[in-house]
Number of protein chains: 2
Amino acid sequence: MKRTTIKDLAQMLNISASTVSRALKDHPDISSSLKLKVKEAAETFNYIPNDFAINFRKNHSKVVGLIVPEISMFFIPSIINGISSVLNKEGYRFFILSSNESYETEKEHIETCINSRVDGILLSMTNETADSSHLNKVKEMKIPVVIFDKTIPQRQFASVVFDNVKNAELCAEKLINYGCRTILGIFGDENLDITQSRLAAFQNTIKKAENIELHTIFCKSTDSVKQQLNEVLKEHNFDGFFAMSDETLMGLHSSLIKKNLNNSGKKVIAISEGTLPKHLDENYEFIINNGFTMGVFAANELMNTIKGESPNTECYYI
Amino acid sequence: MKRTTIKDLAQMLNISASTVSRALKDHPDISSSLKLKVKEAAETFNYIPNDFAINFRKNHSKVVGLIVPEISMFFIPSIINGISSVLNKEGYRFFILSSNESYETEKEHIETCINSRVDGILLSMTNETADSSHLNKVKEMKIPVVIFDKTIPQRQFASVVFDNVKNAELCAEKLINYGCRTILGIFGDENLDITQSRLAAFQNTIKKAENIELHTIFCKSTDSVKQQLNEVLKEHNFDGFFAMSDETLMGLHSSLIKKNLNNSGKKVIAISEGTLPKHLDENYEFIINNGFTMGVFAANELMNTIKGESPNTECYYI
DNA sequence: TTGAAAGCGCTACCAC
DNA sequence: GTGGTAGCGCTTTCAA
């Protein structure tokens with residue numbers, strides 16, 4: 001069970017530990033013949049550097065904490081892929097902490113990150129999170145943080161979010177151009193920033209066209225979409241639908257199928273993460289919010305500030 | 001940037017570091033008055049224990065490595081949730097490493113886990129992985145490993161997999177009981193263990209009934225299902241479908257919608273992870289492979305052996 | 001070109 | 001009850 005250490009190697013070769021250390025990392029001071037010998041010994045005795053000791057010594061962990069409001073299938077896999085791709089390349093690992101949409105848990109996770117000495121934090125907030133006071137400590141400690149996707153207005157940390165306004169406008173325009181007259185807009189949790197900005201942009205664009213009747217519903221889950229649609233679909237005859245997310249789209253799709261309303265010429269436009277819904281119905285149209293890209297972007301931003309670039313507090317729209 | 005250490009606290013209070021350490025963790029030897037003083041000081045000077053030093057000292061990391069073949073939306077989110085729920089409770093973290101279906105990458109990730117001194121490994125194999133020789137080292141080092149879901153026949157480590165035989169049989173029986181006569185079985189990658197066992201069980205059960213015409217296709221992706229279905233749906237008039245996974249089901253669903261074949265009384269039965277497809281079409285039926293449960297089970301098994309239970313090599317079917 | 005020694009923060013053993 | 005000390009494995013001065 002005991003693993004070979006530098007000291008062990010040093011004893012075997014009758015040289016000092018510092019020399020072994022240097023030889024192992026190709027320090028120019030060491031003669032190439034010694035380097036060879038040391039490396040051979042390391043190989044044969046299966047020497048594995050102890051990352052603990054190294055991190056401890058260098059006072060960094062090469063680990064970043066990823067805190068998300070929930071681990072959903074719609075967004076998380078692609079974001080994880082995006083984050084992985086940049087972090088792994090840089091030799092960093094990350095662990096995932098899910099807040100389960102609880103502010104208290106989010107707070108605890110922040111503490112966890114501080115205690116485990118992460119080099120940085122990637123944070124997407126719960127919908128309970130109303131201010132950033134729980135981040136004061138990380139700010140003080142100068143732990144790099146970048147907030148992504150679910151965020152609140154703040155000027156302390158860099159953030160990267162989807163361009164809700166542009167995307168919702170694009171969707172509205174599509175519906176208008178198709179000549180839709182009675183439109184249903186399906187939105188997520190009414191309390192969310194993201195919902196409000198998409199709602200406003202969508203409504204404003206629709207208003208510019210004339211004679212369009214716009215109905216809106218707010219749903220916190222896929223099932224809630226289905227329930228509300230059950231009623232509202234009876235009362236109106238929509239010729240166009242807008243879903244602000246994959247989650248709401250799933251509910252719409254389900255209801256449409258159930259009422260045999262698919263393939264009926266009705267237009268469906270959604271803001272989507274993109275990996276899932278393309279298989280739902282080929283007639284649906286999407287404005288893509290790419291989670292992978294967001295993950296890459298957020299992780300890169302974090303890497304930059306970890307590596308010493310002065311931390312900025314900008315909000316990037318992608 | 002310098003953080004308060006135990007030594008700092010000791011100096012301030014004019015006591016020794018060891019006393020501070022003990023006071024902080026409520027050692028019975030320490031007087032309660034001193035404990036109070038120490039804890040107060042710790043509070044006011046914002047003392048945060050350095051997990052690095054602790055881990056380094058105790059020679060454990062409280063971290064486990066999770067290696068998966070890919071980060072897909074179908075399975076991974078629920079498995080992560082299952083794993084989180086047990087690991088977090090135990091004060092463990094985990095980091096996710098995706099092999100991207102490459103054996104070489106899987107091998108590297110194993111190395112990564114060894115180097116970063118994880119306390120255990122949770123592994124789901126790529127479809128390229130044919131033997132477990134890359135696990136010899138972890139075996140030697142006595143690093144606890146449990147393999148889940150995607151695995152190969154081996155007798156070195158504990159594993160937990162879905163009961164493919166039972167589930168495929170159940171699906172076949174359902175189709176038979178519905179009186180289906182022309183059935184299409186949609187299977188995943190033909191080289192996978194999981195595919196073969198589901199295939200065999202499904203075929204055998206169907207064979208027992210008489211006069212059933214069974215067609216099968218093998219598809220490595222959702223898109224491949226759609227392509228193949230494009231042809232095969234023209235040639236035959238199926239009254240029953242079996243999809244062995246969420247991924248294949250997505251393709252089937254998409255094709256059915258496109259050809260306006262949903263709501264046509266055809267039966268669709270699938271083995272599913274369960275979170276996604278319930279929203280696809282309420283008429284579909286599922287045998288649920290619960291990723292959350294599997295995650296919980298696998299993580300528990302790992303925890304047990306990390307905590308010193310003698311490692312077993314059993315294969316659990318759930 | 002190599003070695004000796006200190007020290008990262010913490011805990012555990014042994015004294016007293 | 002409390003303090004002193006050693007040591008986990010590694011890197012990094014500083015000295016030779």
Side-chain angles (χ1 to χ4, degrees), chain A residues 1-42 45-63 91 114-119 141 143, chain B residues 1-42 45-63 91 114-119 141 143:
Chain A
M1 198 55 202
K2 165 130 184 21
R3 282 134 106 135
T4 312
T5 69
I6 283 194
K7 227 197 251 170
D8 297 335
L9 255 27
Q11 260 165 11
M12 294 171 188
L13 299 171
N14 262 315
I15 55 178
S16 77
S18 31
T19 308
V20 175
S21 172
R22 279 178 289 222
L24 251 17
K25 46 175 55 66
D26 272 324
H27 196 282
D29 278 358
I30 307 292
S31 69
S32 44
S33 62
L34 221 199
K35 276 182 195 169
L36 209 68
K37 247 190 282 180
V38 171
K39 285 178 183 174
E40 262 180 27
F45 292 100
N46 193 23
Y47 168 74
I48 298 170
N50 186 339
D51 280 1
F52 276 4
I54 298 175
N55 290 337
F56 178 42
R57 183 79 229 283
K58 300 205 172 170
N59 209 38
H60 66 204
S61 59
K62 294 275 187 181
V63 167
I114 296 177
N115 290 343
S116 21
R117 300 303 220 250
V118 296
D119 288 347
M141 299 183 141
I143 299 174
Chain B
M1 200 52 202
K2 168 140 181 12
R3 281 134 107 136
T4 312
T5 70
I6 282 193
K7 226 198 251 171
D8 296 335
L9 255 27
Q11 259 166 11
M12 294 171 189
L13 299 171
N14 261 314
I15 56 179
S16 79
S18 30
T19 307
V20 174
S21 172
R22 278 178 292 221
L24 250 19
K25 50 174 53 66
D26 272 325
H27 191 103
D29 277 358
I30 305 291
S31 68
S32 44
S33 63
L34 221 196
K35 275 182 195 168
L36 209 69
K37 245 190 282 179
V38 172
K39 285 178 183 174
E40 263 180 28
F45 292 101
N46 194 22
Y47 167 73
I48 298 171
N50 186 339
D51 280 2
F52 275 4
I54 298 175
N55 291 338
F56 177 44
R57 182 82 228 284
K58 300 204 172 172
N59 208 39
H60 65 206
S61 58
K62 295 275 187 180
V63 168
I114 296 176
N115 290 343
S116 26
R117 299 301 220 254
V118 296
D119 289 345
M141 299 182 142
I143 299 174

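Chain letters run A, B, ... following the sequence lines, proteins first and then strands; every chain starts at 1. As the structure is a computational prediction, the values presented were derived from the model and not from experiment.
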Could you check whether any side-chain heavy atom of B:V38 comes within less than 4.5 Å of a side-chain heavy atom of B:I15, counting everything from C-beta outward? yes
Do nucleotides 6-13 of chain C as a string where each nucleotide becomes B, S or -: B if the base has a protein heavy atom under 4.0 Å, S if just the sugar-phosphate does, - if no protein is that close. -BBBBBBB
Please list, in numerical order, the residues of residues 32-42 of chain A that have a heavy atom closer than 4.0 Å to any atom of DNA chain C. A:L34
Looking at A:P49 and B:R117, what are the two nearest heavy atoms and their distance? O-NH1, 3.4 Å
Residue pairs meeting salt bridge (charged side-chain N to carboxylate O under 4.0 Å, His left out), one or both in residues 9-23 of chain B, sequence neighbours left out, come to none
OP1 or OP2 of C:dG3 sitting under 4.0 Å from any side-chain N/O of A:S16? yes
Pair B:L13-B:T19, side chain to side chain contact (heavy atoms under 4.5 Å, CB included): steps then yes or no: CA-CA 10 Å; B:L13 299 171; B:T19 307; over 6 Å; no
With a 4.5 Å heavy-atom cut-off, do A:V20 and A:Y47 have their side chains touching? no
Pairing residues for A:D51 by the salt bridge (Lys or Arg N to Asp or Glu O under 4.0 Å) criterion, not counting sequence neighbours: none
By the salt bridge (charged side-chain N to carboxylate O under 4.0 Å, His left out) test, which pairs, at least two apart or in different chains, include something from residues 26-38 of chain B? B:D26-B:K35, B:D26-B:K39
Quick one: do B:I48 and A:M141 satisfy side chain to side chain contact (heavy atoms under 4.5 Å, CB included)? Show the steps, please. CA-CA 11 Å; B:I48 298 171; A:M141 299 183 141; 3.0 Å; yes
Side-chain heavy-atom pair A:S116, A:V63 within 4.5 angstrom cut-off: no
What is the first contacted nucleotide of DNA chain D and what is the last, in 5' to 3' order, if contact means an atom lying under 4.0 angstrom from a heavy atom of chain A? D:dC8 to D:dT13
Please report the C-alpha distance between B:R3 and B:N46 in whole Å, then the side-chain angles of each, then the deciding distance to 0.1 Å, and finally whether the side chain to side chain contact (heavy atoms under 4.5 Å, CB included) criterion is met. CA-CA 8 Å; B:R3 281 134 107 136; B:N46 194 22; over 6 Å; no
Please report the distance, rounded to the nearest Å, between CG in B:D29 and C1' in C:dC16. 13 Å
